[in-house]
Amino acid sequence: MLERRPTHDDLIDHLVRSTALQRGEAARVILDVLAYFDETTEDFVRRRHRELQAGGLVNTEIFERVAAELPHRAVAPQELSLRQLRRIVYG
């Protein structure tokens with residue numbers, strides 16, 4: 001299956017004009033930002049759980065923090081209970 005890679009030449013041109021980025025760097029930044037915003041709620045919850053757990057937090061703290069972070073995502077998902085967050089991580 002071919003990977004869909006849209007071009008964003010106008011945005012790349014804007015970044016090159018308005019920053020010190022070279023064209024290739026600007027394209028990479030755009031793709032990184034798009035990938036960040038493409039992350040599903042479930043992927044975000046799992047990723048943040050791993051990150052916070054690696055930082056030494058326990059599940060009680062992790063799920064409360066993730067619940068507080070979710071509404072601040074670019075496209076906020078529906079509100080999820082702590083139980084729903086646990087189910088995303090543990091099934």
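Residue numbers count from 1 along this sequence.
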>> Rounded to the nearest 0.5 Å, what separates atom CZ in Arg46 from atom CD in Glu42?
In response: 6.0 Å
> How many angstroms lie between CG in Leu80 and CG in Leu70, if you round to the nearest 0.5 Å?
Replying inline: 6.0 Å
>> If you define the side chain from C-beta out and look only at heavy atoms, does anything of Val16 sit under 4.5 Å from Leu21?
In response: no
>> Once salt bridge (Lys or Arg N to Asp or Glu O under 4.0 Å) is applied, what residue pairs with a partner in residues 23-32 remain, sequence neighbours excluded?
In response: Asp9-Arg23, Asp13-Arg23
> How long is the span from the CG atom in Leu52 to the CZ atom in Arg47, to the nearest 0.5 Å?
Replying inline: 9.5 Å
> Where do Ala26 and Leu15 come nearest, in terms of heavy atoms and distance?
Replying inline: CB-CB, 3.9 Å
> How far apart are the C-alpha atoms of Arg17 and His14, what are their side-chain angles, what is the distance that settles it, and do they pass the side-chain contact (heavy atoms from CB on, under 4.5 Å) test?
Replying inline: CA-CA 5 Å; Arg17 282 191 310 271; His14 172 73; 3.9 Å; yes
> Do Glu69 and Phe44 pass the side-chain contact (heavy atoms from CB on, under 4.5 Å) test, and can you show the C-alpha distance, the side-chain angles, and the key distance before you say yes or no?
Replying inline: CA-CA 10 Å; Glu69 290 176 0; Phe44 171 78; 3.6 Å; yes
Side-chain polar contacts of residues 54-68 - donor-acceptor pairs under 3.5 angstrom, sequence neighbours left out - could you list them?
| unit_1 | atom_1 | unit_2 | atom_2 | d |
| --- | --- | --- | --- | --- |
| Asn59 | OD1 | His49 | NE2 | 2.8 |
| Asn59 | ND2 | Tyr90 | OH | 3.1 |
| Glu61 | OE1 | Val58 | N | 3.2 |

> Between atom CD1 of Ile88 and atom OG1 of Thr41, what is the distance when rounded to the nearest 0.5 Å?
Replying inline: 7.0 Å
>> With a 6.0 Å cut-off (strictly less than), is the heavy-atom count around CD of Gln84, excluding the residue itself, greater than 12?
In response: yes
>> Looking at every non-hydrogen atom in both residues, tell me the closest pair between Leu34 and His8 and how far apart they are.
In response: CD1-NE2, 3.4 Å
> Tell me, which pairs form a salt bridge (Lys or Arg N to Asp or Glu O under 4.0 Å) where one or both residues lie in residues 77-87, sequence neighbours left out?
Replying inline: none
